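Inspection log for the structure reproduced underneath, given as structure tokens.
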Amino acid sequence: MRRCILFLATWICAVGSHPCVHRDFGNNGTVCVCNATYCDSTPVPEVPDVGFYIRYTSSKDGLRFSKTDGVFSKEVPTHSDSFRLDPSITFQPIHGFGGGFSDSACINIKNLSSGAQENLMRTYFSKEGSNYNFGRIPIGATDFSTRAYTLDDHDGDVLLEKFSLAQEDILYKIPVMKRALEINPDLKLFAAAWTAPPWMRTNHNYTGYGFLLEEYYQVYANYLLKFMDKYKDHGLEMWALSTGNEPWIGTINISHYGAMGFTPKHMGKWVANNLGPTISKSKHNRTLILTYDDVRSHLDSFINIMFENELARSYIAAIAIHTYEDTLYPTVLVEKIHQDYPDKFIFMTEISTGDPQPDTGLVPLGSWDFADVYIMEMFQNFENWVAGWVDWNLAVNMYGGPNYLGNYKDAAIIVNAEVDEFYKQPLYYALTHFSKFTPPGSIRVGLAHGNTSVKAMAFETPKEEMILLIYNNCTTDQNVAINDPRRGNIHLHLPPKSIHTILYK
Ligand SMILES: *[C@@H]1O[C@H](CO)[C@@H](O)[C@H](O)[C@H]1NC(C)=O
Ligand SMILES: *[C@@H]1O[C@H](CO)[C@@H](O)[C@H](O)[C@H]1NC(C)=O
Ligand SMILES: *[C@@H]1O[C@H](CO)[C@@H](O)[C@H](O)[C@H]1NC(C)=O
Ligand SMILES: *[C@@H]1O[C@H](CO)[C@@H](O)[C@H](O)[C@H]1NC(C)=O
Ligand SMILES: *[C@@H]1O[C@H](CO)[C@@H](O)[C@H](O)[C@H]1NC(C)=O
Ligand SMILES: *[C@@H]1O[C@H](CO)[C@@H](O)[C@H](O)[C@H]1NC(C)=O
Ligand SMILES: *[C@@H]1O[C@H](CO)[C@@H](O)[C@H](O)[C@H]1NC(C)=O
Ligand SMILES: *[C@@H]1O[C@H](CO)[C@@H](O)[C@H](O)[C@H]1NC(C)=O
């Protein structure tokens, strides 16, 4: 079945539901296979009249956005396994969902034929796909690059006269981003550097234990500004700029990581005296500044010390977190940051999971286990004030790369360029259950949990429609009921390891 065709230089895409084409790679689950002429998709739903609901289900057993209709019931649940909605209790507004335009992701996407590229971009950025509205852009290389570089590798070039975008920007990232922006004109881009040029660092290296030299504080702010200028020249404006990827990890002496260290005190000083004023005096004065951009472990102490600098605090719009090592540190750390700094929204800017198989080096295809990790993370973080969710690499190759530091990882989409296919992992559907139906401006609302191991969460959209997310993590069927005092009861039979999105007015 042909999904998209190129006609007079315009992509024409068929609307209507296109089911998943399953393939089993022997990992206790399946992927959905897409190629140049076919990709599964789900049309934008018509939310039914009051009293009715629709439900989408994906499961370990192979359901993928399977749609069913339902009717609210007057029957009051007899069992205690019920949830009770209270829309008068409101939590954080949701800013949106997205993924990372790493060098590797864009190289992999560009390694497909144009038809397959188009299907991949649409599966993330169109309304029939994940409806992503955020993109994270590395400034220079990350470990998910084929080499180490920055945008000015010329020692001592303090005037940045030799600053230039890399071939990775020109050939891969910018064209891919421009296509994403065409598919979703509301796409918001934000950028983060993994490091300053080595000559600005204490250890004169791209990686390892090293800090920004104080004599280059202003030069580095100018460097980041210059990046924004160059991208703007290509029609790509930054909604936000991060103070840098994983500054805390860079303060630990592990040379493996491609990060640059910043103590919170120095970060405060640099933002207050250099980065903040540089941005606010420039033509990018509307660009927000995000900070931290690191794992939960030192969130509290880092932000508290950094924000002792009141000026630095005033420049910061949001606190970005990553979810690695979440199981080691309590979620209450995230909630506490919200309580202490309620004017700063919390934005999850990087998650990835799953290592390649040790024997083959290949990413395991089709396993539900990684979807399970993502679902757990999303419930946990959204229940604690996180307002946006941005996955790491949009796509990796069959080996979980390229990655010049050998830090290979799974992703929601795996590109197999050799046969011009890409595979949508179960975790793609896990993410999309959240992203597709929760438009920016939706607000999380109260949902009291009954005595059940089933997870559930509720949002109200700007059009005052309700969204329920439900996950049965058990390996057995579960029966639950959800009570909305205004509408009645939804009685649900949930297959093992199944995620559901319910929509109603
Ligand atoms: C598949 O599931 C079985 C039973 O749970 C388990 O023993 C086996 O290791 C799994 N295989 C893979 C490749 O995950
Ligand atoms: C693309 O996928 C569709 C659906 O599975 C299939 O019918 C078609 O043969 C595939 N095209 C190629 C070139 O493999
Ligand atoms: C930079 O660090 C890497 C990794 O530790 C090391 O292999 C390399 O030699 C270092 N380069 C310089 C110029 O010190
Ligand atoms: C970092 O560790 C290396 C060896 O692992 C050591 O040689 C070096 O002195 C350490 N650097 C600092 C600043 O602690
Ligand atoms: C932001 O910059 C624009 C020009 O690029 C200027 O017109 C506007 O006044 C500036 N806004 C602030 C708040 O400085
Ligand atoms: C599901 O249960 C497993 C095993 O108890 C746990 O490791 C995992 O985090 C749970 N997932 C979710 C989404 O709660
Ligand atoms: C691009 O695809 C070719 C096969 O068509 C493959 O050999 C190569 O490794 C791919 N490049 C990357 C970066 O994965
Ligand atoms: C919760 O459910 C468990 C198992 O179904 C049961 O043993 C327990 O008594 C229930 N607790 C309450 C407060 O209903």
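One-based numbering, in listed order, for ligands and for the atoms of each. Because the structure is predicted, anything quoted here is derived from the model rather than measured.
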For ligand 5, find out whether one of its N or O atoms is nearer than 3.5 Å to an N or O atom of N285.
yes
By side chain to side chain contact (heavy atoms under 4.5 Å, CB included), which residues pair with R136, not counting sequence neighbours?
F190, A192, W194, N245, D293, H322, T349, E350, V390, W392
Cation-pi, Y429 ring and R64 (6.0 angstrom, 45 degrees):
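Pair R64/Y429 counts as cation-pi.
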Does NZ or CZ of K226 come closer than 6.0 Å to the centre of the six-membered ring of Y231, within 45° of the ring's axis?
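No, K226 does not sit over the ring of Y231.
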State the atoms of ligand 2, each with its element, that fall below the 4.0 Å cut-off from a heavy-atom position in [X].
X   : result
Y38 : 2 (O), 3 (C), 4 (C)
N35 : 1 (C), 2 (O), 3 (C), 8 (C), 10 (C), 11 (N), 12 (C), 14 (O)
V21 : 5 (O)

In order of chain and number, which residues sit within 4.0 Å of ligand 7 by heavy atom?
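Ligand 7 pocket, heavy atoms under 4.0 Å: I107, N108, N111, N397, P402, A417, E418.
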Charged N to carboxylate O below 4.0 Å: is that the case for K497 and D372?
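Answer for the salt bridge query: yes.
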Applying ring pair (Phe, Tyr, Trp, His ring centres under 6.0 Å) between F163 and each of Y223, F227, Y220, report the one that passes.
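Checked Y223, F227, Y220 against F163; only one passes ring pair (Phe, Tyr, Trp, His ring centres under 6.0 Å): Y223.
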Once you measure the plane-to-plane angle for H95 and W239, does it fall in the parallel (<30°), tilted (30-60°) or perpendicular (>60°) bin?
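Judged by the thresholds at 30° and 60°, the geometry between H95 and W239 is tilted.
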Mind jotting down which residue pairs meet the salt bridge (charged side-chain N to carboxylate O under 4.0 Å, His left out) criterion with at least one end in residues 230-245? Sequence neighbours excluded, please.
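Non-adjacent pairs meeting salt bridge (charged side-chain N to carboxylate O under 4.0 Å, His left out): K232-E237.
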I need the atoms of ligand 5 closer than 4.0 Å to a non-hydrogen atom of K283, numbered in the order shown.
5 (O)
Go through the structure and list residues passing side chain to side chain donor-acceptor pair (under 3.5 Å) with E421, not counting sequence neighbours.
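For E421, the residues satisfying side chain to side chain donor-acceptor pair (under 3.5 Å) (neighbours in sequence not counted) are R23, Y423.
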